[in-house]
Amino acid sequence: MTFDNSTGSPQFDSLGLKRVINGRSWVTVLGGSRMPSEVQQAMADAADTFIDFHELNRRAGERIAQYTGAEAGLVVAGASTGLLVQAAACMAGQDPDRILQLPDTAGMKDEILIYEKHRFGFEICYRTAGAKIKEWGRGEGSLAEQLAGAINEDTAAVTYVFGPGFPCDLSLREVVAIAHEHEVPVVVDGAAMLPPADNLTKYIADGADLVTFSGGKGVRGPQSTGILAGRADLVEAARLNMSPHASVGRACKVAKEEIAGLLAALDRFVTMDHEAEWATWRGWSEAIVAAGENLSGVRAVIEDGHPNRQGPAAAFYFDDDWDGPSASEIQDRLAAGNPSIHVGVGNEVGEIYVSPVALEPGEAELVAEALWTVLRG
Ligand SMILES: *Cc1c(COP(=O)(O)O)cnc(C)c1O
């Protein structure tokens, strides 16, 4: 079989980059997602314009508010910026002196409470704004008592993280009830939680004061975008703490063409047929799973809605009877090929998976063929 091994971009080809088939889902290290043609068109149209930028992001925010059910919205430079300006908004608010003072938080409430099982690398975005991270959930008493006990006069916000491997026995609603009793806002990281599209409105409906999502993962907008939605006063504070205002978020610029692209992506996302897309993904995973059939020591299965994978993934488990290459060797061999095929390795030893969500038509067959070859030596 012959492959077209161009990346698709003459610029990337001229740099000598290999074409990548992305079986790991919408991860930043492989380029995030592919932008559908209507998103690319919206960016191209916007790139040759001048507009009032402040007005642009306010009006874009109104569209985001409609889609999320929140009072207000804002386009931010990735969910990472969403986290940074959540912290800035909860600490400095709309006060011009405080906005200029950050990340020095003297005189401000500056602690963000995080549940012990929600600790994650993106905390650095809160700390960049000047916030201090304070963990709760390892002490005595019920979780509700522990959260209530952790709130004090320095608490700026309570954060709640949604994502694979971030459990919490208190629901968002329960956390919101406790925080609001103490007049403390709750900020949510839902970066990778779209699709399902229901999540656009769910966390707001559960009472979150601010929610951020990535624009460049499952929404398939520009990789550098994100959405912030929530309470009007806090969203306005977030806007003032971000580019183009002189503020702790000045370096987090989102450009006019990115805003146009994100809006086009959101319009597409809220109107598209998600069930049909899921069925297409499932068909691709079935083709990939077939590569593991009738091999001793290999269990190849479709995992629909596995908490640690996006979409209906094709998973391969290797047991003691397996005498072929290890999971990480398989991963390395596939990645070393041309095109370079990237698959995930799971938490268990002896497990690989292919998430179909970032594949394009025709690529599942290439993945299946390459896996077939690697598994059979
Ligand atoms: C991807 C991700 C982020 C960062 O989002 P960007 O849009 O890439 O800035 C933050 N938190 C979680 C849980 C994520 O999965």
Side-chain angles (χ1 to χ4, degrees), residues 22 24-35 39 43 57 60 64 68 73-89 112 114-129 131 133 157-168 172 175 186-196 199-200 202-203 208 210-230 238 241-243 248-255 258-259 261-263 265-266 269 306-311 313 342 344 346-347 355 357-358:
N22 177 2
R24 282 187 50 201
S25 138
W26 305 291
V27 290
T28 298
V29 291
L30 296 179
S33 57
R34 297 188 199 230
M35 293 188 292
V39 177
M43 291 185 79
N57 214 356
I64 290 168
T68 56
L74 186 68
V75 182
V76 291
S80 305
T81 296
L83 302 178
L84 190 156
V85 296
Q86 283 177 348
I112 296 193
I114 187 164
Y115 179 53
E116 56 110 355
K117 295 195 177 81
H118 287 181
R119 300 298 306 263
F120 67 147
F122 290 102
E123 281 171 23
I124 197 164
C125 303
Y126 294 135
R127 289 199 285 114
T128 304
I133 303 296
V158 176
T159 181
Y160 199 100
V161 182
F162 285 98
F166 292 99
C168 182
L172 174 59
V175 166
V186 174
V187 296
V188 169
D189 180 352
M193 300 305 287
L194 300 175
N199 286 341
L200 264 179
K202 187 168 190 290
Y203 310 138
L210 286 173
V211 178
T212 191
F213 298 104
S214 291
K217 292 180 180 168
V219 175
R220 296 180 63 185
Q223 226 313 248
S224 47
T225 59
I227 302 162
L228 186 74
N241 277 280
M242 195 185 82
S243 174
V248 76
R250 178 60 183 90
C252 307
K253 180 183 283 184
V254 63
E258 295 173 313
I259 293 178
L262 175 69
L263 290 180
L266 264 184
F269 185 78
H306 185 288
N308 291 353
R309 340 218 193 268
Q310 299 278 8
H342 288 250
N347 298 330
S355 166
V357 300

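Excluded from the calculations below are hydrogen atoms, water molecules and symmetry mates; all remaining heavy atoms, backbone and side chain alike, are included. All ligand and atom numbering here is 1-based and tracks the order in the structure.
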So, does Asn57 use its side chain to make a donor-acceptor pair with the main chain of Val75 at under 3.5 Å? yes
Which ligand 1 atoms, with their elements, are less than 4.0 angstrom from a heavy-atom of Ala192? 15 (O)
Quick check against the 3.5 Å criterion: does Ser355 have a side-chain atom that pairs as donor or acceptor with the backbone of Arg309? no
Nearest non-hydrogen protein atom to atom 11 (N) of ligand 1, with distance, is Asp189 OD2, 2.6 Å
When distances are taken from atom 9 (O) of ligand 1, the protein heavy atom at minimum range is Ser80 OG, 2.6 Å
What I want to find out is whether Glu123 reaches Arg127 closely enough, with some N-O distance under 4.0 Å, to be called a salt bridge. no
May I ask you to check whether Ala77 has an N/O atom sitting below 3.5 Å from an N/O atom of ligand 1? no
Applying a 4.0 Å heavy-atom criterion (strictly less than), which segment of Gln223 is in contact with ligand 1: side chain, backbone, both, or neither? neither
Do any N or O atoms from the side chain of Gln223 and from the backbone of Gly31 form a donor-acceptor pair under 3.5 angstrom? no
What verdict does the side chain to side chain contact (heavy atoms under 4.5 Å, CB included) test give for Asp189 and Thr212, after you've listed the backbone C-alpha separation in whole Å, the side-chain angles of each residue and the deciding distance to 0.1 Å? CA-CA 5 Å; Asp189 180 352; Thr212 191; 4.3 Å; yes
Honestly, for Ala191 the part within reach of ligand 1 (heavy atoms, under 4.0 Å) is side chain
Regarding atom 5 (O) of ligand 1: of the candidates Ser214, Ser224, Gly215, which has the closest heavy atom? Ser214
So if I count the atoms of ligand 1 from 1 in the order they appear, which ones are less than 4.0 Å from some heavy atom of Gly78? 7 (O), 9 (O)
Among all protein heavy atoms in this structure, tell me which lies nearest to atom 8 (O) of ligand 1, with the distance rounded to 0.1 Å. Thr28 OG1, 3.9 Å
Would you say Leu74 and Ile64 make side-chain contact, with heavy atoms under 4.5 Å? no
Please could you name the atoms of ligand 1 that Lys217 approaches to less than 4.0 Å, counting only its heavy atoms? 1 (C), 2 (C), 3 (C), 5 (O), 14 (C), 15 (O)
Beyond-backbone contact of Ser214 with Val219, side-chain heavy atoms, under 4.5 angstrom: no
